[in-house]
Amino acid sequence: MDINICITGAAGDGVKEAGELCAKLFSELGYYAFVYQEYQSRIRGGHNASIVRVSDKPVHSHRKYYDLLVCLEDYVYRIHEPYVRGDIIYDTKFSCEKGGIGIPMTEIVKEANEPMIFRNAASLGAIAAYYSIDFGVLEDVFVRTFGEKAKDDVVISKAAYDHFLEHHQAKMSVERVGERREVVAGSKAIAEGLIAAGLEYYYAYPMTPASPILHYIIKKRRDIIAYQPESEIAAVNMAIGSAFAGKRSATGTSGGGFALMSESIGMAGMAEVPLLIIEAQRVGPSTGMATYHAQDDLNFVLYPSHGEFPLVVASPYTIEDAYKLSAELMNLAWKYQTPAILLTDKHLVESLQTAELHGAEIEETEIVRSSDGVMKRYELTESGVSRYAVPPAIAKFNSNEHTEYGITTDSAEVRKAMHDKRVRKEKLILEDVRGKGYVEYFKGKEAVVTWGSTFGALYEVVEELGYRLIVIRYLRPLVLPELEKAKVVECNRTGQLAGLLESRGVRVERVLKWDGRPFTPEELREVLG
Amino acid sequence: MSSILKEIEWCPGCGNFGIFKAFRNAVKRLGKDGIEKGRIVVVAGIGCHGKLPDYIDQPSFHTIHGRVLPMLTGIKLANPDLLPVGFSGDGDALNEGMEHFIHAAKRNTDVALFLHNNEVFGLTTGQFTATTPKGRRTRTTPFGNPEDPVNPCLLALISGATFVARGYAGNIKQLEELMYRAILHRGFSFLEILQPCVSFNNTWDLLRENVHEVSPAESFDDALRLVMDRFATGVLFKTEKETFEEILHKNRV
């Protein structure tokens, strides 16, 4: 089984939640699901869509064409109608020129005396009936999601469910195939990965699509302090301050906010402070398209600040990997006392998927907490790594070039030794990540290379098209397999990963998309087939 | 003087010497109260004042321009047992760092900020800052500063600081007392230090003749009047309020 359901309506119709609940409905029966959320930067009106892909095999992407369109507004219907390859369920508050299955959602909600947003519950009732899923399963989903408050949703969805079965035939019968699976948002996977790696302080200024990480940490884990300060500049400096005081901390933003953080990234590099930044890309430059997907910050994030210093940049390729990789980066930042950046994207952070989160854990590092007099915080060592010390140990951190004691200096000799010391850490980091720098799938004649969430759609088509698939996780330091040539697939206009590969002598062919929407398997089959 | 550094790099006659001496005395006094040196964590910004961490044997962070306060906030949140003290210049705290200044005061973050106010950028050789008087000729205002200056104590007061004081680099004894009290105050403590820059704004005579000591205001309205006297020194305003860190830590499960 492999079905693709699009639930669409205006902002304020609860489309996002409907998509999440729909995925939970099928995952309750043991299916795999993936949800792509497309929405505009507005609070009411416009058009939102949740595309829910359900399968009995693991899925990491949505499809372009819909087996079922659930439509809550007439003007939205016209936008999505070209992609319908199956049935349409619509609210009878408008008439659907192509026909379809009309459900009086507005009437049902009015009768129950509830606000119009409850039409999303009605749409869920109709979907359950369409696939002849026992109503009890849907009821369980509501109760598990909303607890006692689920009552209104249950009443409304039941009315729509009954109305459907009284007037229409169920389309197909979806049977239970296994135990319930968890539906996880990318933002949650990242947050939980950080927490598993010992996160105690999270500071972030609101910016789509990174905000859900802040919301999640504030709401779910109150044993962690998460706070929204006055700006991204304040957020990153608070994170550095907390790390200086000995606590694992992080910050998260998108490209625009990351630009503001750039001076502090260099400062963390010079002062050798563990700093973790989540950079969730959206369409740029500048404000770009605030709620749409892109992978066009790679070049910027690889070299975000002036001067030379060790930096780790890595990108998760699935929601499961996001959990693992955020923890890996937190551990690396502390082990090597330098900034690390998790470069992700809107499509990964805001999508949902049935996923099991495992493989993230804290790797403790030694921290000196007391000293007799001023200690050599920046002791010149063979590895380049000095002992990390926090107050009340008398450790002096410095954003200027400094001596082993952390005292400002302009000495040519000291400068050279200190700069060498910091850069020496790069070698260790490279050895550390060598085994996890990239992931390979399938044996094929030619290689397709990608990064980030673009993996999801690509994974589905490469095998049937006879390619070998390589997904880059660590972008700096970059670890590459032996490659002479490759097709590089990514969501930007110039081919930024492709450029990186070219600089390593790989002959590349660029397969790019830059309209703000992620690739679908159908599109990739066309361009790669 | 630090045990590991032999030379201080301020101009002879610089106000920073007095400020430095007052701070060392305040730390000694806190030591006698049983507060170990390692708990008094110093963060400084960029400018002549920023060299101060090099001269002390305490945990310190010489950070970048304007960012002293968010770093102090991150430190205090991470370890409420520490007493974070910030040194900042008028350019550092009120040009690039203005947003942080207002927000730190508004939050009542439990840290102390000592502002070296010499009304000029010294280390970058004499440009105007947020506190430079209107009409003053500097390297970047050769025809006179077109802007009205910011009054740092007024700004701290209306932003919500719970301890507002003003001292003078030439009165080390008073300065030591103000620093001592500011560090121990629970909440955002702001201490403006009137300071000459011998190279670009030598106000020794002006300050010596005009500074005078006042008693703390008895109400917020009184304090508003008091801070308008640019040469009034002492604790100008003091009140008690729950701190930012206390509220956030209380919210933890």
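Residue numbers start from 1 in every chain, and the chains themselves are labelled A, B, ... in the order their sequence lines are given, proteins ahead of strands.
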Original post:
So do the side chains of B/His103 and A/Ser231 get within less than 4.5 Å of each other, counting heavy atoms only?
Top reply: no
Subject >> Side chain A/Lys396, main chain B/Phe61, donor-acceptor under 3.5 Å >> reply: no
Subject >> Part of B/Glu99 lying under 4.5 Å from any heavy atom of chain A >> reply: both
**OP:** Sort A/Ala234 into side chain, backbone, both or neither according to what part of it lies under 4.5 angstrom from a heavy atom of chain B.
**Re:** both
Original post:
Which atoms form the tightest heavy-atom contact between A/Ser399 and B/Thr63, and what is the distance?
Top reply: OG-O, 3.4 Å
Original post:
Which distance, rounded to the nearest 0.5 Å, do you find between the CD1 of B/Ile64 and the CD of A/Glu263?
Top reply: 3.5 Å
**OP:** Identify which of A/Ala239, A/Gly241, A/Pro229 forms the greatest number of heavy-atom pairs closer than 4.5 Å to chain B.
**Re:** A/Gly241
Original post:
Does atom CZ of A/Arg387 have more than 12 heavy-atom neighbours, drawn from other residues, nucleotides or ligands, at distances under 6.0 Å?
Top reply: no
Subject >> Ion pair check, A/Glu230 and B/Lys106, cut-off under 4.0 Å >> reply: no
**OP:** Side chain from CB out, backbone as N, CA, C, O: work out which of these in B/Leu82 comes under 4.5 Å of a heavy atom of chain A, or both, or neither.
**Re:** side chain
Original post:
If you round to the nearest 0.5 Å, how far is CG of B/Asp57 from OH of A/Tyr405?
Top reply: 10.5 Å
Original post:
Counting heavy atoms not belonging to A/Lys416, are there more than 12 under 6.0 Å from its NZ?
Top reply: no
Original post:
Can you say whether A/Val273 sits under 4.5 Å from chain B via the side chain, the backbone, both, or neither, judging by heavy atoms?
Top reply: side chain
Original post:
So which part of A/Ala235 gets closer than 4.5 Å to some heavy atom of chain B, the side chain, the backbone, both or neither?
Top reply: neither
Subject >> Rounded distance [0.5 Å steps], CD1 in A/Ile407 versus OH in B/Tyr55 >> reply: 9.0 Å
Original post:
If you measure from NE2 on B/His100 to CG on A/Asn237, what distance do you get to the nearest 0.5 Å?
Top reply: 6.5 Å
Subject >> Proximity breakdown for A/Ser371 and chain B, heavy-atom pairs closer than 4.5 Å >> reply: neither
Original post:
Which pair of non-hydrogen atoms, one from A/Lys247 and one from B/Ala78, has the smallest distance, and what is that distance?
Top reply: NZ-O, 2.8 Å
**OP:** Step through the shown structure and confirm whether more than 12 heavy atoms of other residues, nucleotides or ligands are within 6.0 Å of CG on A/Asp410.
**Re:** no
Original post:
Less than 4.5 Å apart, any side-chain heavy atom of B/Arg67 and any of A/Ile233?
Top reply: yes
Original post:
Shortest non-hydrogen contact from B/Asn79 to A/Pro391?
Top reply: ND2-O, 4.2 Å
Original post:
Between atom OH of A/Tyr227 and atom CG of B/Leu77, what is the distance when rounded to the nearest 0.5 Å?
Top reply: 9.5 Å
Original post:
Which residue out of B/Pro59, B/Gly66, B/Gly50 racks up the most heavy-atom pairs below 4.5 Å with chain A?
Top reply: B/Pro59
Original post:
Are there more than 12 heavy atoms of other residues, nucleotides or ligands under 6.0 Å from atom CD of B/Glu240?
Top reply: yes
Subject >> A/Tyr205, OH atom: more than 12 neighbouring heavy atoms under 6.0 Å >> reply: no
**OP:** With rounding to the nearest 0.5 Å, note down the distance linking CG in A/Asn400 to CD1 in B/Ile46.
**Re:** 5.0 Å
